[in-house]
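The structure appears below as structure tokens.
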Amino acid sequence: MNSDSRHTMDRREFIHGAAAGAAALAFTRSGFAAEGPDKQAVLAQVPKLHNECVERLQEWIKLPSIAAENRGYPEGPNYMANLAREAGFQHAEVVPTSGKSGVFATLNANAKKTLAVYFMYDVKQFNPAEWSSPPLAAAIVEKPGLGRAVVGRGAVNSKGPESAFLGALRAFRAAKSPLPVNLVLICEGEEEIASPHFPQIVQRADIQAALKKCDGIVIPSAAQALDGTVEVTLGSKGVVELELVSSGEHWGRGPKHDIHSSLEAAVDSPTWRLVKALNTLVGPDGHTPAVEGFGAKALPLTPAQKQMIAVAIKRRSEAETMQQLSIGHWVHDAGWLESQELLESKPTINIEGLVAGYTGPGGKTILPYRAVAKIDMRIVPNMTAAGTLALLKQHLIKQGFPDIEVNMSGGYNPTTTSPDSDLVKAQLAVYRASGIEPILWPRSPGSWPGYIFTEPPLSLAAGQFGLGHGNGAHAPNEYYLIDSTNPKIQGMDGAVRSHIEFLFAMA
């Protein structure tokens with residue numbers, strides 16, 4: 001709720017009210033007591049570990065792993081595996097793939113239930129010139145109206161929330177208490193390039209066997225908005241990431257290397273050919289997908305989902321949302337309700353970037369031999385990444401552009417989780433016990449490779465969880481709040497406590 005009095009709690013006084021399950025049996029790993037879990041003893045460790053938790057996040061930010069730039073490998077997965085061991089996972093190994101390695105770890109607490117956890121250790125690229133402080137310095141800054149925050153690439157997406165989850169596990173260790181659930185950790189290093197090799201990790205026989213024992217999979221997140229509200233999403237859109245390449249070599253026309261621009265009077269341009277091809281992908285409005293069959297199989301929103309959106313937007317500010325997005329209009333000048341229904345239901349074709357010829361200062365009079373468009377296509381339930389890619393290829397051929405190369409770099413199907421799953425019920429219980437009535441939302445417009453967990457043979461419930469706040473994912477000055485002065489929003493300690501409560505709720 002926007003300004004409900006139930007949000008007004010001190011950040012050091014998180015309300016401990018989530019329902020805990022049956023106590024786990026003895027945990028034999030050295031460093032833990034033989035008795036069952038003691039929630040209050042665990043929670044008492046959180047403020048004692050605060051500085052250590054923040055410093056660990058800062059050190060992690062200083063070690064970037066950027067798949068698109070082949071930067072930070074193999075250091076990234078090795079560091080992640082060590083973080084898991086230090087948090088109490090008895091088994092943690094680096095899992096090689098044809099691309100970047102992942103990490104698989106297990107923590108056996110001899111508990112009745114097992115929870116899977118998804119991590120990503122890779123981060124997006126950055127341009128230091130756009131940042132107020134160096135993106136790898138992990139500087140602590142004062143954010144007016146919020147408190148102290150760590151600024152750095154990966155701070156909120158996703159090392160901050162993941163550090164909070166690891167901090168929760170360290171609190172169990174410090175209290176010498178076993179966890180109320182067993183854990184299976186699956187971590188990848190290519191999420192930011194659409195997870196092209198992630199199936200090689202998850203589909204390994206022993207990892208599949210471990211996941212089949214799980215009651216769901218959770219992704220640590222910083223779920224709180226500026227007004228303290230949290231959103232529980234019941235799925236996510238899928239995505240296809242690719243490059244469209246026009247070149248003189250494949251076209252058979254135009255140059256095979258850059259030539260002087262004066263020759264454009266007599267020589268074809270691969271760049272203009274790419275522009276013409278791109279123009280066929282959308283309708284006259286420059287927005288609506290025009291690829292034949294694109295979205296034909298998309299499931300429309302159900303009446304229940306439409307009602308969910310209608311209820312949710314009453315608790316959100318359209319003006320604040322538009323201000324955060326730096327926009328003045330929704331597409332087609334749609335209203336608040338229609339724009340959010342489009343966000344949840346519409347598959348899209350987006351141009352991420354265009355690259356051709358010279359892009360430096362001043363001019364350089366050339367006719368480029370090659371032009372590239374980076375494309376992402378967001379898809380909704382009943383659509384598949386493979387099927388959508390095939391439609392795009394067929395479209396280009398039918399439109400007379402068989403020479404345009406289509407190079408898919410990654411992608412995956414959408415996900416859906418039932419609001420009646422134990423995982424979602426546990427999320428709702430913890431949020432409500434903390435004094436927050438969460439907003440249910442049909443699906444995230446963003447994407448993650450969760451289909452590999454939610455589709456058969458695993459068919460797991462999946463969802464994001466975690467109190468705390470951050471912003472700027474994929475953007476300059478990304479931050480994660482560590483010490484909150486806003487009574488509606490939790491800092492690092494509140495985020496850690498929420499994960500402790502969630503583990504008990506899942507039990």
Side-chain angles (χ1 to χ4, degrees), residues 1-9 14-15 17-18 156-157 161 216 218-237 301-325 330 334-346 380-381 414-448 450 461-471 473 481 484 486-490 494-495 498-499 501-502 505:
M1 297 182 181
N2 291 334
S3 56
D4 194 301
S5 61
R6 288 178 293 175
H7 288 304
T8 56
M9 54 185 166
F14 185 76
I15 299 172
V156 70
N157 185 29
V218 67
I219 307 100
S221 68
Q224 289 187 284
L226 290 172
D227 62 1
T229 56
V230 296
E231 183 178 278
V232 174
T233 57
L234 302 176
S236 63
K237 285 185 175 179
L301 292 173
T302 65
Q305 289 172 326
K306 288 188 175 183
Q307 178 64 19
M308 198 180 296
I309 295 170
V311 171
I313 65 169
K314 293 178 181 178
R315 297 177 55 191
R316 293 173 169 171
S317 168
E318 180 181 19
E320 288 182 4
T321 301
M322 297 180 82
Q323 182 179 8
Q324 290 174 5
L325 296 174
W330 299 113
W336 184 217
L337 176 60
E338 183 185 357
S339 70
Q340 299 309 289
E341 289 183 344
L342 288 171
L343 183 67
E344 293 300 283
S345 63
K346 185 174 181 178
V380 299
T415 70
T416 299
T417 290
S418 169
D420 297 322
S421 65
D422 288 346
L423 186 87
V424 173
K425 288 180 179 178
Q427 293 180 60
L428 298 177
V430 175
Y431 288 143
R432 287 166 177 159
S434 70
I436 301 171
E437 182 58 36
I439 298 172
L440 276 175
W441 199 242
R443 67 182 63 97
S444 168
S447 306
W448 75 292
Q464 300 182 33
F465 175 83
L467 289 182
H469 170 77
N471 207 343
L481 191 64
S484 177
N486 185 327
K488 298 178 182 179
I489 300 174
Q490 294 294 318
S498 72
H499 288 297
E501 295 282 4
F502 178 72

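- Annotation: Q323, atom CD; neighbour count of heavy atoms from other residues, nucleotides and ligands within 6.0 Å does not exceed 12.
- When all heavy atoms of I439 and A312 are compared, the pair lying nearest together is CG2-CB, 3.3 Å.
- Residues satisfying the side chain to side chain donor-acceptor pair (under 3.5 Å) criterion with E341, sequence neighbours excluded, are absent altogether.
- Smallest separation of non-hydrogen atoms from P445 and E344: CD-OE2, 4.1 Å.
- By the ring pair (Phe, Tyr, Trp, His ring centres under 6.0 Å) test, Y431 is found to be paired with F465, residues two or more places apart in sequence or in another chain being considered.
- Side-chain atoms of T415 come within 3.5 Å of backbone atoms of S236 as a donor-acceptor pair (strictly under, hydrogens ignored).
- For K346, the NZ atom counts as densely surrounded, since its 6.0 Å shell holds more than 12 non-hydrogen atoms of other residues, nucleotides or ligands.
- Side-chain contact annotation: W330 with E318, donor-acceptor N/O pair under 3.5 Å present.
- The shortest non-hydrogen separation linking L467 to A495 is O-CB, 3.2 Å.
- Annotation: side chain of R443 is in contact with side chain of P381 (closest heavy-atom distance under 4.5 Å).
- How far CD1 of I309 is from CG of L343: 8.0 Å, rounded to the nearest 0.5 Å.
- Shortest non-hydrogen contact noted between M308 and L234 is CE-CD1, 3.9 Å.
- Pairing each heavy atom of N157 with each of A473, the nearest pair is CB-CB, 3.7 Å.
- Defined by atom type and a distance below 3.5 Å, a donor-acceptor pair is missing between the side-chain atoms of S484 and N486.
- Side-chain atoms of S447 come within 3.5 Å of backbone N or O of K237 as a donor-acceptor pair.
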